[in-house]
Amino acid sequence: MSASASKGTALITGASTGIGAVYADRLAKRGYDLILVARSQQKLSEVAARLKPLGRKIETIAADLTRKEDVQRVAERLSTDASITALVNNAGTASVAKLLDAKIEDLESMINLNVTALTRLALAALPGFVARKNGLLINIASVVALAPELLNGTYSGSKAYVLNFTQALKNEVEGKGVTVQAVLPGATATPLWEKAGRPVEHLPAEIVMTAEDMVDASLAGLDQHELITIPSLPDIADWEKFEAARKALGPNLSHQKPAARYGILG
Ligand code: NAP
């Protein structure tokens, strides 16, 4: 395939396997040059070699995004390279252990990656996007953001953070030429599950989507200007009802006096 006009460069974290590698393929096909980030240089090089026939410029950056200095290196690139027009904040790990059995170091490392690195990279990219009135930020959350009963609360909490962060960002960048999207995949067939100690084959097949279908649906959601994309959800009205119920709480979430049912006089 010959190179068509570039849409600029998309920096994709966690692009060496799974969902990130599919984003790399699809965004290259949409006309983006690529900067692929993950820890494994070898796997990044394999992805880059696979995508070479698409004719886009592809660079790889080996970085461990649980390490502050590595995050800083990638953030520096995002804040100084005006050719970057898209960031896919995708790198993430999961924890499926029971909370009382989990190793705190593993949980901390997951939070560093899923929350801290994602935040730093978004905030490194956004000022340039706003200044140039052009930018796309895709944050990969998860449906467990809406389901703390599934898995343990640390992974779902990290993904609830991504959802919350994206919804707040949307308000800040509205009208500034910047598009933001949070994607909430359900179970997706990637190496993530095996790494977390529960191979995806152990899940009922009917709840597991391929990474290709997940990313294609997410990009279709982006094309439909969705802020929140839930690839599995058949009826978007269900999400809208959920949001409406949440917002209906708004006027009563903060009052001078406790609610009458607590019987606090004064
Ligand atoms: P995956 O195949 O395990 O991919 C994770 C990617 O992140 C890999 O490229 C990995 O590469 C990279 N990564 C992991 N730790 C890293 C670190 N410390 N620094 C830099 N890169 C790191 O998993 P996936 O399913 O595609 O996950 C992608 C995103 O989707 C994650 O945010 C995940 O939470 C989310 N998600 C997945 C599912 C699912 O069911 N699979 C469902 C909902 C949401 P290296 O190991 O080479 O660093």
Side-chain angles (χ1 to χ4, degrees), residues 11-26 34-48 60-75 87-96 105-106 108-122 138-147 150-152 154-163 165-166 182-205 207-215 217-218 228-233:
L11 188 148
I12 306 169
T13 67
S16 62
T17 58
I19 290 167
V22 179
Y23 266 108
D25 175 79
R26 300 308 196 256
L34 301 174
I35 300 175
L36 310 178
V37 180
R39 288 169 303 180
S40 165
Q41 180 58 58
Q42 190 192 326
K43 285 192 191 140
L44 287 172
S45 300
E46 285 165 15
V47 174
T60 58
I61 299 178
D64 180 344
L65 298 176
T66 63
R67 291 165 52 100
K68 205 167 182 178
E69 53 275 30
D70 285 19
V71 178
Q72 193 49 42
R73 188 157 48 89
V74 178
L87 167 62
V88 184
N89 250 329
N90 163 76
T93 51
S95 167
V96 301
E105 292 75 19
D106 292 347
E108 189 174 7
S109 170
M110 180 192 69
I111 293 166
N112 281 339
L113 179 63
N114 295 8
V115 174
T116 309
L118 175 136
T119 307
R120 280 188 171 271
L121 297 183
I138 300 175
N139 290 325
I140 306 301
S142 164
V143 290
V144 296
L146 306 174
L150 299 174
L151 308 181
N152 75 43
T154 56
Y155 178 61
S156 57
S158 75
K159 293 304 182 176
Y161 174 91
V162 176
L163 173 59
F165 178 67
T166 309
V183 177
L184 278 59
T188 309
T190 73
L192 171 131
W193 287 90
E194 174 114 47
K195 292 179 209 167
R198 189 183 295 173
V200 74
E201 294 75 23
H202 292 196
L203 300 176
I207 68 156
V208 180
M209 196 177 282
T210 66
E212 288 75 12
D213 281 353
M214 203 299 288
V215 173
S218 298
I228 309 299
T229 294
I230 308 176
S232 294
L233 191 71

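Start at 1 and go down the list; that is how both ligands and their atoms are numbered. No experiment lies behind these values; they were computed from the predicted model shown. Along the sequence shown, residues are numbered consecutively beginning with 1.
- Relative to atom 19 (N) of ligand 1, the option among L65, V162, D70 with the closest non-hydrogen atom is L65.
- Ligand 1 places these atoms under 4.0 Å from at least one heavy atom of A15: 9 (O).
- Taking all atoms of both residues into account, the shortest heavy-atom contact from T229 to S218 is CG2-CA, 3.8 Å.
- Counting only non-hydrogen atoms, the option in S16, G92, A91 that gets closest to atom 5 (C) of ligand 1 is G92.
- Considering backbone and side-chain atoms alike, A38 places every N or O at 3.5 Å or more from each N or O of ligand 1.
- Between K159 and ligand 1 there is a heavy-atom distance shorter than 4.0 Å.
- Listed here is the closest heavy atom pair of S95 and N152: OG-ND2, 2.9 Å.
- Atom numbering of ligand 1 starts at 1 in the shown order; those under 4.0 Å from a heavy atom of W193 are 39 (C), 40 (O), 41 (N).
- For ligand 1, the atoms lying closer than 4.0 Å to a non-hydrogen atom of G186 are 40 (O), 42 (C), 43 (C).
- Less than 4.0 angstrom separates some heavy atom of T66 from each of these atoms of ligand 1: 18 (N).
- At a 3.5 angstrom cut-off on N or O pairs, L113 does not count as close to ligand 1.
- Counting only N and O atoms by type, the side chains of N112 and T66 include no donor and acceptor under 3.5 Å apart.
- Of all atoms in ligand 1, numbered sequentially from 1 with element shown, those under 4.0 Å from a heavy atom of A63 are 19 (N), 20 (C).
- In this structure, a donor-acceptor pair under 3.5 Å is absent between the side chains of N90 and T13.
- Checked by distance only, ligand 1 and P185 stay at 3.5 Å or farther apart across all their nitrogen or oxygen atoms.
- T13 does not count as a contact of ligand 1, since none of its heavy atoms falls under 4.0 Å from the ligand.
- For ligand 1, the atoms lying closer than 4.0 Å to a non-hydrogen atom of S40 are 47 (O).
- Residue D64 places at least one N or O, backbone or side chain, under 3.5 Å from an N or O of ligand 1.
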| query | Can you list the steps and then say if V200 with E194 is a side-chain contact (heavy atoms from CB on, under 4.5 Å)? | reply | CA-CA 7 Å; V200 74; E194 174 114 47; over 6 Å; no

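- When the heavy-atom distances from atom 2 (O) of ligand 1 to I12, T17, N114, V74 are ranked, the shortest goes to T17.
- When side chains are defined from C-beta on, I61 does not count as touching L36, because their heavy atoms never get closer than 4.5 Å.
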Hey, mind stepping through T119 and Y161 against side chain to side chain donor-acceptor pair (under 3.5 Å) and telling me if it holds? CA-CA 10 Å; T119 307; Y161 174 91; 2.8 Å; yes

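- Judged purely by distance below 3.5 Å, without hydrogens or angles, the side chains of E105 and S109 never pair a donor atom with an acceptor atom.
- Of all atoms in ligand 1, numbered sequentially from 1 with element shown, those under 4.0 Å from a heavy atom of I140 are 29 (C), 30 (O), 35 (C).
- Atom 7 (O) of ligand 1 has its closest protein heavy atom at G14 CA, 3.3 Å.
- Atom CD of E108 has 12 or fewer heavy atoms from other residues, nucleotides or ligands within 6.0 Å.
- Heavy-atom distances between A94 and ligand 1 stay at or above 4.0 Å for every pair.
- Looking only at heavy atoms of the protein, atom 27 (O) of ligand 1 is closest to L192 CD1, 3.8 Å.
- Using a 4.0 Å cut-off between a side-chain N of Lys or Arg and a carboxylate O of Asp or Glu, R73 and D70 qualify as a salt bridge.
- Proximity annotation for atom 29 (C) of ligand 1: of N90, T190, V71, N90 comes nearest, heavy atoms only.
- Residue G18 has at least one heavy-atom neighbour below 4.0 Å for each of these atoms of ligand 1: 2 (O), 26 (O).
- Every heavy atom of K43 sits 4.0 Å or more from the atoms of ligand 1.
- Using a 4.0 Å heavy-atom cutoff, A141 is listed among the residues neighbouring ligand 1.
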